[in-house]
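Let me begin by presenting the structure, written as structure tokens, before commenting on it.
Order of listing sets the numbers, starting from 1, for every ligand and every atom in it. Quick caveat, the model's predicted, so the values are computed rather than measured.
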Amino acid sequence: MAEADLRPSVAASETGDPLLLTPGPLTTSLSVKRAMLHDWGSRDEGFLAMNRRVLAAIADLAEAGDSHVAVPMQGSGTFAVEAMIATLVPASGKLLVLVNGAYGKRALAICARLGRASAALETPEDRPPDLAALERALADDPAISHVLAVHCETTSGILNPIEEIAARVAAAGRKLLVDSMSAFGALPITPAAAPFEALAASSNKCLEGVPGLGFVLCEKAALAAAAGHAPSLSLDLADQQAALAKTGQYRFTPPIHVIAALDQAIREHAAEGGVAGRGARYYENCRVLVEGMRARGFQTLLPDALQAPIIVTFRTPVDPAFDFQRFYDGLAARGYLIYPGKLTVAESFRMGCIGRLDRADMAGALAAVDAVMAEMGVAAGAPA
Ligand SMILES: *Cc1c(COP(=O)(O)O)cnc(C)c1O
């Protein structure tokens with residue numbers, strides 16, 4: 001279908017709110033929001049059953065039900081990443097972080113705070129990790145016990161080659177931790193194809209729930225061996241899991257409404273065809289967005305082969321009439337919220353493809369881009 005045949009730019013979610021072209025929090029369905037219109041006690045069997053269902057479904061999405069267990073962690077995604085590192089990297093271990101964006105850097109900052117030894121293998125934000133350098137780093141430093149890789153680096157939108165990374169880490173006899181926050185649920189990842197000791201993600205990205213719950217899929221044996229490792233009480237996944245296994249309950253107040261919304265969101269994920277169905281819609285959103293923006297002269301940071309269908313970075317146009325704040329405000333006034341750039345390598349802005357959006361919404365966003373460009377007097381989006 002041609003872009004022009006799609007719905008025009010009267011943007012609003014089912015609740016009349018602007019559409020969030022941002023990578024989480026993102027636009028959720030009305031039915032997901034409605035799932036929160038109740039109160040549950042934290043010991044209520046209805047809630048406990050819902051919680052068990054959600055955690056089992058998460059393990060199933062990674063086809064990891066026998067080897068791994070999904071451990072929830074209250075908070076945003078970073079809480080889950082920090083809990084994963086705190087629990088699974090022992091005081092005697094060392095974490096090698098593959099850095100090509102802000103989330104890799106954040107993992108290093110977490111190590112510094114936790115007092116865990118770390119090292120970085122960095123590539124520019126528009127380049128995947130160097131696999132030969134990874135092999136060398138693992139061969140050269142026997143102290144490295146774990147490697148952390150970011151599945152989709154949301155900073156740029158790059159898709160890192162997680163299976164190739166996992167194969168090298170496994171071949172070197174080390175353990176892999178994955179930050180799959182912005183990919184899990186839309187891009188496939190399984191321990192069979194990409195052996196991982198643990199993977200962190202959250203309720204509010206490709207699963208299209210609301211923010212407030214992170215989770216870590218942990219290898220059962222590794223989690224059992226990690227009892228007492230974490231230098232934090234609230235972020236101790238081994239302790240969290242021990243309590244859940246024993247009583248079915250959280251140690252501390254669970255984000256009940258977030259879990260109720262996630263339960264509904266996972267039902268809608270299954271109805272859409274699971275990971276493949278969700279991924280297909282995002283790929284189509286990304287295609288419409290990228291083709292449309294290129295037709296207007298904009299340039300993506302990444303070549304198509306490196307682009308994940310999650311969020312797209314566009315270089316800032318060279319036309320001096322282009323002003324990001326006016327661009328942002330003009331799109332917001334038309335019902336589309338976008339993201340500023342987060343790059344160090346180039347001036348840029350970002351538009352997300354995830355959430356309860358389809359290609360008609362992306363075509364609407366493009367029509368709004370036309371209107372705002374005309375308002376600013378910018379003829380084309382070409383960068384320097
Ligand atoms: C969103 C995200 C996180 C977590 O961010 P929060 O703001 O704490 O939810 C971590 N890693 C990646 C790659 C992300 O996209």
Seminar exercise, completed: Hits for ring-ring contact (aromatic ring centres under 6.0 Å, His included) against F47, two or more places apart or cross-chain, chain-then-number order -> none

Filter the ligand 1-protein atom pairs down to N or O on both sides and distance under 3.5 Å, then list them.
residue  : atom   : partner : partner atom : Å
ligand 1 : 8 (O)  : S76     : OG           : 2.5
ligand 1 : 8 (O)  : G77     : N            : 3.4
ligand 1 : 8 (O)  : T78     : N            : 2.8
ligand 1 : 8 (O)  : T78     : OG1          : 2.5
ligand 1 : 9 (O)  : G77     : N            : 3.0
ligand 1 : 11 (N) : D179    : OD1          : 3.2
ligand 1 : 11 (N) : D179    : OD2          : 2.6
ligand 1 : 15 (O) : T154    : OG1          : 2.4
ligand 1 : 15 (O) : K205    : NZ           : 2.7

Exercise. Salt-bridged, R356 to E272, with N to O below 4.0 Å?
Worked result: yes

Exercise. Would you say the ring centroid of Y339 lies under 6.0 angstrom from that of F349?
Worked result: no

Exercise. How about F215 and F184: are their ring centres within less than 6.0 Å of each other?
Worked result: yes

Problem set entry | Check: D358/N285 side-chain N/O donor and acceptor closer than 3.5 Å | no

Exercise. Do H269 and E208 have side-chain atoms, one donor and one acceptor, less than 3.5 Å apart?
Worked result: no

